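Each remark here refers to the structure printed beneath this line.
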Protein chains: 2
Amino acid sequence: MTFDPCPVTPVAELVFGKWTTQVLWTLAHHGRTRFTELQRLVPAITPKVLAQRLRQMERDGLVGRTYHAEMPPRVEYEMTPLARTLLPVFHTLVDWSDTHLGEVERARERYDAAL
Amino acid sequence: MTFDPCPVTPVAELVFGKWTTQVLWTLAHHGRTRFTELQRLVPAITPKVLAQRLRQMERDGLVGRTYHAEMPPRVEYEMTPLARTLLPVFHTLVDWSDTHLGEVERARERYDAAL
DNA sequence: CCGTATCCCTTAGGATACTG
DNA sequence: CAGTATCCTAAGGGATACGG
């Protein structure tokens, strides 16, 4: 008996890949944001990787992209309503962190000390 | 302004790494479990990787390990109380999946079709 | 039975430079 | 400005075999 593929895995792959939560978090607080500014707001992300993540999130329906045919061009990204439904989920995770992350830290110290 | 390191990231790294949720999910449903059985219950995981994940989760205080000095040896793993506090969080994620994962699927199809 | 030791290999990610 | 193109690396994972 193998408890059918763990149902947490799909959503974990969707939103908890590297950079994904940071980009969503930034869009949640900053609203519509241009590519370059996003690059400034998410520390240390390179343009290649940022573009990759944005494409994926666009495909998954989590971010919307608006292209303004001006010169120079202007592109803006924003959360979709679908992505906004994730915000309470994030809140739950942050709550858990506030309550229990310290215990994780202590467990690590104990483990490393017992070495 | 860079919205201070996204607070979701630490807990994401803690529990949403590869295999981690599947192992926790299995322990949650199966209770105390031996190494070999865990290997059977989590499809396709190799002993090396399973041992790695278990060590990490032990260090993080998420799983307890009990060694029985018999012949042959017997080792059992189980969720800690700390890990059990994650179950409501998992529940939240599964709820979100039930409600919204279909919409993600449809977004992907639309995106791929628009190619 | 419960792992560790080795080796291989893919792949995500980083650095950098360049274009429409 | 908003990205691609190119190249590189390293870190983690898989397969397999072996040891206490």
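None of these values were measured; they are calculated from a predicted model. To find a chain, count down the sequence lines: A is the first, B the second, and so on, and within it residues start at 1.
- In this structure, B/Glu58 pairs ionically with B/Arg55, as a charged nitrogen and a carboxylate oxygen lie closer than 4.0 Å.
- A heavy atom lying under 4.0 Å from DNA chain C marks the following residues of residues 63-74 of chain B, by number: B/Arg65, B/Pro72, B/Pro73, B/Arg74.
- In this structure, A/Phe35 atom CZ and C/dT19 atom C1' are separated by 14 Å, rounded to whole Å.
- The nearest whole Å value for the distance from the CZ atom in A/Arg55 to the P atom in C/dA12 is 17 Å.
- In this structure, B/Ile45 places its CD1 atom 13 Å from C1' of D/dG12, rounding to the nearest Å.
- Checking each of A/Arg53, A/Gln52, A/Arg59 against A/Gln56 for a side chain to side chain donor-acceptor pair (under 3.5 Å) leaves exactly one that passes, namely A/Arg53.
- For the pair B/Thr80 (side chain) and B/Leu62 (backbone), a donor-acceptor distance under 3.5 Å is present.
- A straight line from CD of B/Gln39 to C1' of D/dG13 spans 15 Å, rounded to a whole angstrom.
- Contact annotation: A/Arg34 does not reach the phosphate of D/dC1 (side-chain N/O to OP1 or OP2, under 4.0 Å).
- Under the 4.0 Å criterion applied to side-chain N and carboxylate O atoms, A/Arg40 and A/Glu37 are assigned as salt-bridge partners.
- Computed from coordinates, the A/Leu54 CG to C/dG13 P distance equals 13 Å when rounded to whole Å.
- OP1 or OP2 of C/dG14 sits under 4.0 Å from a side-chain N or O of A/Lys18.
- In plain terms, the two heavy atoms of A/Gln39 and A/Pro47 that are nearest each other are NE2-CD, 3.4 Å.
- For the pair B/Tyr77 and C/dG3, the criterion of a side-chain N or O lying under 4.0 Å from OP1 or OP2 is met.
- For DNA chain C, the neighbouring residues in residues 46-53 of chain A, judged by any heavy atom under 4.0 Å, are A/Thr46, A/Lys48, A/Val49, A/Arg53.
- Note: CD (A/Glu58) to C1' (D/dG3) measures 13 Å, nearest angstrom.
- Under the 30°/60° scheme for interplanar angles, the aromatic rings of A/Phe35 and A/Tyr77 are found to be tilted.
- Note: CZ (A/Arg40) to P (D/dA2) measures 12 Å, nearest angstrom.
- The backbone N or O of A/Gly31 lies less than 3.5 Å from a partner atom in the side chain of A/Thr33, making a donor-acceptor pair.
- Taking a cutoff of 4.0 Å between a charged side-chain nitrogen and a carboxylate oxygen, B/Glu76 and B/Arg32 qualify as a salt bridge.
- Not one N or O on the side chain of A/Thr20 forms a donor-acceptor pair closer than 3.5 Å with the backbone of A/Phe16.
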